[in-house]
Structure formats: structure tokens, C-alpha cells
Amino acid sequence: MPNQKTLKNSVEISGKGLHSGVEVQMALKPAEVDSGIFFVRTDLAEKNKICATPPNVTSTLRATTLEENGVKVFTVEHLMSALSACGIDNCAVEMNAEEPPVLEGNSIGFFKMIKTAGIVEQSAARKEIRLEKVYRADSDDGKKFIIALPYEGFRISFTSINPHPLIGIQFEDFEITEEIYEKEIAPARTIAYEKEVEALHAMGLGRGGNLENVIVYNDDGWLNKLKYSDELVRHKILDVIGDLRLVGFLKCHIIAAASSHALNSQLAKKIYQDFS
């Protein structure tokens, strides 16, 4: 079993949050053995630490929100995804606002930050989670699901189902390694339907989004150039990796159909209950 890892040095970045549109400064810092991934709100004087664990997920509306002692951070899934792919067990994430910077609307910027900081092995063994049974979460209508099967590795098979004829059904299947993640998954951006943008803004969402960090489509086509023909399903896989990193490092095969942050979180909580 491999040893735990943390960052070698601290690294900082700034930008606007995807949903809040608020400018934020964020620093990734080394952390002690067994401390896990945790967020620190530097704009608050006390009770400002939020541990990145499934019980702290309080909302999954268009993003994953973590909350502890009444203090929250949201849209953490892209950063958590990059930390997972780079094998980071312990990291302090300091932010002076509620939401990490959107950067390019994917996780490649966070991936590069971690690589710039460097990675060091620590003295304790990693607590990998090997499943001994099948875990499953289903939507109320039974049309969406996510399943975790015992597997020696970390593999994700995802089917995205979108009624818009431009997108339709997309499928990808990846054995998740650092190399595959960097090349095939991390660059995939989040997505929006142009007709939904005004409604999102009215809900206080998507205010930091633009054509540089979100792939947008309407009834005529794409408003910006895609990085992959199936960029949507790749981003869905990126999100699954981030949402499940809240549990820890899983050895499993994930099979999902149209899964969402809500279903990802339900699955994470079910696994966490058995292994915490």
C-alpha cells in the first residue's frame, strides 16, 4: 500500500468563482499526516475550517457544497478532482471567499498548480478503500444511477444522456491514472444551455461563467469550440472523481448513467458510512 502524500510547497492563485462571480485568493498548502483535505476560510475569524468529507455535503445544486459549523465552501469538485488525480491525501486549502476560482472551468489549472507545488511522500500508509460489496444510488424516477463495484484499480464508465439533439448520448470509459486524467479528463469544461443562463443568474449561479470557461450551446449549435467532441461526458467523469474523493482513495469500478452531484454525493455517503 502506498504512503500518504502532501504538497512540497505552498502555491497560490486568484480568480472569480464560477457561480458567485466573486474574486477569491486561494492557496494550497502542505498538511500533516491523516489531516485529509480541508478548507480554511481566511476571511473569517473563527470556526473557519471545513473538512472535505461526505457528511459535510449540504447542497448539490449545480455544484458540491461543503459546510461545517455554519461555514461553507462550494463548487469544490474541480479542485477535489485534481487533488485525487495527483494522489494528494493531505492538503490545506485556504480561501478568502466561499468559492474557488473557476479558472478554465475544468481542473487542469488546479492540476498544474499541484505539480508546480511539488508532491512529497509522508511517513504513514494511505488508507485505501477496497469495496467488498456493490454500492448504488438511483434517482427518484429510476432513470439515473451510479454504481460502485469492487475492482482493483479506479475505473469510471459513464453514459451521459441529454435530450438536446446536438449532444444526445455520450459514453466514455477510463481507467483513471494521472497520465490519462491530465490528457483526457482535466481539460474538459463545464457546460451550459444558453436558454438557462438567465435563470441561473436569477438564482445567483453562473455569474463567473463566460465562453472561456464554460462550453455553451443553443438550438443552433455550440457558441465556442469544443476541446473534445464528447467534452460533456468527460467533464461528468471529472466531477465524479471530485465528488468521490470526499470518501478517500477508492478501489472500485464506477458505472454511471446521467449521474449528478446529488447522486454522486449519495453514493459517497453510503460508502463513507461503512468505512469511516
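- To the nearest 0.5 Å, atom CG of residue Leu149 and atom SG of residue Cys252 are 8.0 Å apart.
- If you chain together hydrophobic residues whose side chains sit under 4.5 Å apart, Ile50 and Leu244 never meet in one group.
- Listed here is the closest heavy atom pair of Ser10 and Lys29: OG-CG, 3.3 Å.
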Take Leu79 and Phe110 through the side chain to side chain contact (heavy atoms under 4.5 Å, CB included) test and state the conclusion after the steps.
CA-CA 6 Å; Leu79 173 59; Phe110 298 129; 3.9 Å; yes
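- Using a distance-only test at 3.5 Å, with no hydrogens or angles considered, a donor-acceptor pair links the side chain of Thr116 to the main chain of Lys112.
- Under the 4.5 Å side-chain contact rule for hydrophobic residues, Val57 and Leu267 do not share a cluster.
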Test side-chain hydrogen bond (donor to acceptor under 3.5 Å, both in side chains) on Tyr181 and Ser84 and set out the steps. CA-CA 10 Å; Tyr181 183 87; Ser84 178; over 6 Å; no
Could you please spell out the steps behind the side-chain hydrogen bond (donor to acceptor under 3.5 Å, both in side chains) verdict for Gln4 and Asp89? CA-CA 6 Å; Gln4 295 178 31; Asp89 298 83; 5.7 Å; no
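- In plain terms, the two heavy atoms of Pro54 and Ala268 that are nearest each other are CG-O, 3.9 Å.
- Residues Ala63 and Thr75 share a closest heavy-atom pair of CB-OG1, 3.5 Å.
- In this structure, Cys86 SG and Glu182 CD are separated by 8.5 Å, a value rounded to the nearest 0.5 Å.
- Rounded to the nearest 0.5 Å, atoms CZ (Phe158) and CG (Asp239) are 8.5 Å apart.
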Kindly indicate, with the supporting measurements, whether the criterion side-chain hydrogen bond (donor to acceptor under 3.5 Å, both in side chains) is fulfilled by Asp43 and Asn96. CA-CA 5 Å; Asp43 55 320; Asn96 65 352; over 6 Å; no
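- With respect to Arg189 and Glu212, no salt bridge is recorded, no charged nitrogen being found less than 4.0 Å from a carboxylate O.
- The aromatic rings of His235 and His78 lie perpendicular to each other, with more than 60° between the two planes, well past the 30° mark.
- At distances below 3.5 Å, at least one donor-acceptor pair connects side-chain atoms of Asn213 with backbone N or O atoms of Asn210.
- In this structure, Tyr151 and His253 have tilted ring planes: the angle between them lies in the 30° to 60° band.
- Of the N and O atoms on the side chains of Ser20 and Glu99, at least one donor lies less than 3.5 Å from an acceptor on the other residue.
- At least one donor-acceptor pair under 3.5 Å links the side chain of Asn106 to the backbone N or O of Pro187.
- To the nearest 0.5 Å, atom CG of residue Leu28 and atom CE of residue Met95 are 10.0 Å apart.
- Separation of atoms CD1 (Ile215) and OG1 (Thr190) is listed at 7.5 Å; rounding is to 0.5 Å.
- In terms of heavy-atom proximity, Asn224 sits nearest to Leu211 at ND2-O, 3.0 Å.
- Stacking of Lys270 on the aromatic ring of Tyr135 is not recorded, the 6.0 Å distance cut-off and the 45° axial limit not both being met.
- Cluster membership check: Leu44 does not share its hydrophobic cluster with Phe74, using side-chain heavy-atom separations under 4.5 Å among Ile, Leu, Val, Met, Phe, Trp and Tyr.
- Residue Leu7 comes nearest to Cys91 through the heavy atom pair CD1-SG, 4.1 Å, listed as atom of the first residue, atom of the second, then distance.
- Within the model, atoms CZ of Phe154 and CD1 of Ile254 stand 6.0 Å from one another, a figure rounded to the nearest 0.5 Å.
- Salt bridge annotation for Arg130-Glu132: absent, with no cationic side-chain nitrogen under 4.0 angstrom from a carboxylate oxygen.
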Evaluation steps, side chain to side chain contact (heavy atoms under 4.5 Å, CB included), between Ile191 and Ile167:
CA-CA 11 Å; Ile191 188 172; Ile167 302 173; 3.9 Å; yes
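- Between the side chains of Ser157 and Asp173, at least one donor N or O sits under 3.5 Å from an acceptor N or O.
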Start with the C-alpha gap between Ser81 and Glu77, add the side-chain angles, then the distance that decides, and say whether side chain to side chain contact (heavy atoms under 4.5 Å, CB included) holds. CA-CA 6 Å; Ser81 186; Glu77 59 272 12; over 6 Å; no
Working note: Thr42 + Glu94, criterion side-chain hydrogen bond (donor to acceptor under 3.5 Å, both in side chains); need CA distance, chi angles, decisive distance, verdict. CA-CA 6 Å; Thr42 59; Glu94 295 186 353; 5.8 Å; no
- request: Please lay out, stage by stage, how Glu121 and Arg126 fare under the test salt bridge (charged side-chain N to carboxylate O under 4.0 Å, His left out).
  value: CA-CA 10 Å; Glu121 189 173 286; Arg126 172 178 293 161; over 6 Å; no
Next item on the list: Starting from the C-alpha separation in whole Å, work towards a yes-or-no answer on ring pair (Phe, Tyr, Trp, His ring centres under 6.0 Å) for Tyr193 and His164.
Entry: CA-CA 10 Å; Tyr193 184 37; His164 195 288; 5.7 Å; yes
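- In this structure, Ile156 is not a member of the same hydrophobic cluster as Met80, with clusters built from ILVMFWY side-chain heavy atoms closer than 4.5 Å.
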task: Show the numbers, then the answer: is there a salt bridge (charged side-chain N to carboxylate O under 4.0 Å, His left out) between Glu104 and Lys227?
output: CA-CA 12 Å; Glu104 297 176 30; Lys227 295 185 177 182; 3.5 Å; yes
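- Evaluation of the side chain to side chain donor-acceptor pair (under 3.5 Å) test over residues 139-148, restricted to residues two or more places apart or in two chains, returns Ser139-Asp141.
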TODO: Using the salt bridge (charged side-chain N to carboxylate O under 4.0 Å, His left out) rule, take Lys49 and Glu68 through it: C-alpha gap first, then chi angles, then the decisive distance, then the call.
DONE: CA-CA 7 Å; Lys49 180 180 177 181; Glu68 190 170 348; over 6 Å; no
Quick one: do Arg136 and Asp138 satisfy side chain to side chain contact (heavy atoms under 4.5 Å, CB included)? Show the steps, please.
CA-CA 7 Å; Arg136 179 172 182 142; Asp138 291 84; 2.8 Å; yes
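- Panel note: side chain Ser35, backbone Glu32; a donor-acceptor pair is recorded below 3.5 Å.
- Pairing each heavy atom of Ala148 with each of Leu131, the nearest pair is CB-CD1, 3.6 Å.
- Ile255 and Val134 end up in the same hydrophobic cluster when Ile, Leu, Val, Met, Phe, Trp and Tyr side chains are linked at under 4.5 Å.
- The cationic group of Arg245 lies under 6.0 Å from the six-membered ring centre of Phe249 and within 45° of the ring axis, placing it in a cation-pi geometry.
- Between the side chains of Gln122 and Thr6, no donor-acceptor pair is found at a separation under 3.5 Å.
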